[in-house]
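As structure tokens, the structure follows; a few thoughts come after it.
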There are 2 protein chains.
Amino acid sequence: MLLAPMESDAIMPDTTVRDRRPDAEKKGRKASKEVRRQQLIDATIDSLARRGYAETTLADVADGAGLSRGIVNFHFESKEKLLVATLQFMAEEYAAHWRAAFDKAGDDPARQLWALCAADFDRAVCSRRKLAAWCAFWGEAKSRPTYQALCGSRDQTYQNVLVDICTRLRNQGNYAIEPRATALAINAMLEGLWLRLMMGTEEVSRETAFAAAAEMLSATFPKHFAREAGGKIKPA
Amino acid sequence: MLLAPMESDAIMPDTTVRDRRPDAEKKGRKASKEVRRQQLIDATIDSLARRGYAETTLADVADGAGLSRGIVNFHFESKEKLLVATLQFMAEEYAAHWRAAFDKAGDDPARQLWALCAADFDRAVCSRRKLAAWCAFWGEAKSRPTYQALCGSRDQTYQNVLVDICTRLRNQGNYAIEPRATALAINAMLEGLWLRLMMGTEEVSRETAFAAAAEMLSATFPKHFAREAGGKIKPA
DNA sequence: TCATTTTGAATGAATGTTCAACAAACGCGG
DNA sequence: CCGCGTTTGTTGAACATTCATTCAAAATGA
């Protein structure tokens, strides 16, 4: 699905697609079923962001989707399954997003690293409601193995890619770094910036967060990320 | 350095102090009351770590403390108040901890920064159960102003201290950094490492986390944090 | 008509809170 | 040191509420 030209962030209005396209869109019930599931997942993300994990109820989700109470247990078997499906959706969306950015960056490790950092602060995955939903799941992850596994979407694969990039950059620039530790530090910093964005109390915006990440890249790999005239950092 | 001589992490056994020191310790009921409150707060942290925020119930807290059901509503007014008191305790403990480390570090900004990072991975505040409890609160913070305020214990003050340290280091070493962005990056990295430690799926330990932090300090301020013979990084 | 989807009320379990009774410690006059 | 009433702390059952789940009936579309 790549870079998401779609703006999947707004709350979908409850006018179902089924209503306006009586025959072209639905292809029987199969399509409708998928639409409903996605609609409920979106409503779940909204509820998580608005009320937190503990206060998220099926009634609130159903209301948010403009549907009736028992609907969730029909399309998903239980509340638990709905939440897992929601987390799964977010994990897949995030993974597809960074992977697309990575593939588009070509072979240059500096451009690859830059692209990964930029992707993390892209509106498509870094909206207020999605960050809040992520954090809601993080809070429960330790006590639920299923969540814990899915929360590792920024997982071993991502970490390995970072280690590889750091190794190549070190070889190119003769930096005195330890690639594994550096990759871990970068990864942690990106997650930490997400966390601060989510808390949202301060004057931290997506732009300042990205600037902080760029600052660190420039400090670590000065030959690859240099400061321009205006003070902004760009890949060399 | 200052790797926590104290080990305040174990669960306090429920033999109340009151029992064995009939007159010296209690000074009436006042002391007992405080002891009970702390006992319940400890049990709350345990429950949060073991079952997550959503599944933490007053019955579980009471059982964990070895006391009866209605007890919480006597010492705290409500479940909400208990949770706020718990978060408050953790916030104050954390703030006192980094502040003590900072004060003990003297005037050298490099030693100060090193001490702050080390303090973050000290057993006293960075145990599995405390990290899990923190994360449980983070998950609910966005939707609860009270939590949000308290979760900012690593807050503006801490951030200001970091900015100040970064500024002084830059002046000492003529680094081409932007202190505010660098401080934000360091702060975020520390939080992100906490998050990864909490998830705990991987091979990340307190030691490797601290090594990652050191790696970043060394990259950002190479004149102040140098690699020793063994590969380990130390303040110059 | 038949299969599928949706509804909304009924159900039952979980849980925060209240409260009346009980226990322990204290104050105090003897 | 000894009763004895009072205050303080504790218990566990009762209560009320919230909420996930179930399901029979209605609506919808093929």
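Chain letters run A, B, ... following the sequence lines, proteins first and then strands; every chain starts at 1.
Note: CD (E34(B)) to P (dG9(D)) measures 11 Å, nearest angstrom. In this structure, CG of L67(A) is placed 7 Å from P of dT6(C), rounded to the nearest angstrom. Rounding to whole angstrom units, CG of residue D60(B) and P of dA14(C) are separated by 14 Å. Per the geometry, CZ belonging to F74(B) stands 20 Å off P belonging to dA13(D), to the nearest Å. One can place CD of Q39(A) at 13 Å from C1' of dT5(C), the figure rounded to the nearest angstrom. Rounded to an integer number of Å, the gap from R36(A) CZ to dT7(C) P is 7 Å. In this structure, I71(A) places its CD1 atom 18 Å from P of dA24(D), rounding to the nearest Å. If you measure from atom CG of L40(B) to atom C1' of dG9(D), you get 12 Å, rounded to the nearest angstrom.
Within a 6.0 Å radius of CZ in R51(B), more than 12 heavy atoms belonging to other residues, nucleotides or ligands are found. In E77(A), the CD atom is not crowded: 12 or fewer heavy atoms of neighbouring residues, nucleotides or ligands sit closer than 6.0 Å. Around atom CZ of R50(B), more than 12 heavy atoms belonging to other residues, nucleotides or ligands sit under 6.0 Å away.
Under the 30°/60° scheme for interplanar angles, the aromatic rings of W138(B) and W134(B) are found to be tilted. A tilted orientation is assigned to the rings of F121(A) and F210(A), their planes being inclined by 30° to 60°.
Rounded to the nearest 0.5 Å, atoms CD1 (I45(A)) and CG (L40(A)) are 11.5 Å apart.
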Shorter than 3.5 Å, N or O on both sides, protein versus nucleotides 18-21 of chain D: list them out with atom names.
{"residue": "dA20(D)", "atom": "OP1", "partner": "K79(A)", "partner atom": "NZ", "Å": "2.7"}
{"residue": "dA20(D)", "atom": "OP2", "partner": "L58(A)", "partner atom": "N", "Å": "2.9"}
{"residue": "dT21(D)", "atom": "OP2", "partner": "N73(A)", "partner atom": "ND2", "Å": "3.4"}
{"residue": "dT21(D)", "atom": "OP2", "partner": "K79(A)", "partner atom": "N", "Å": "2.8"}

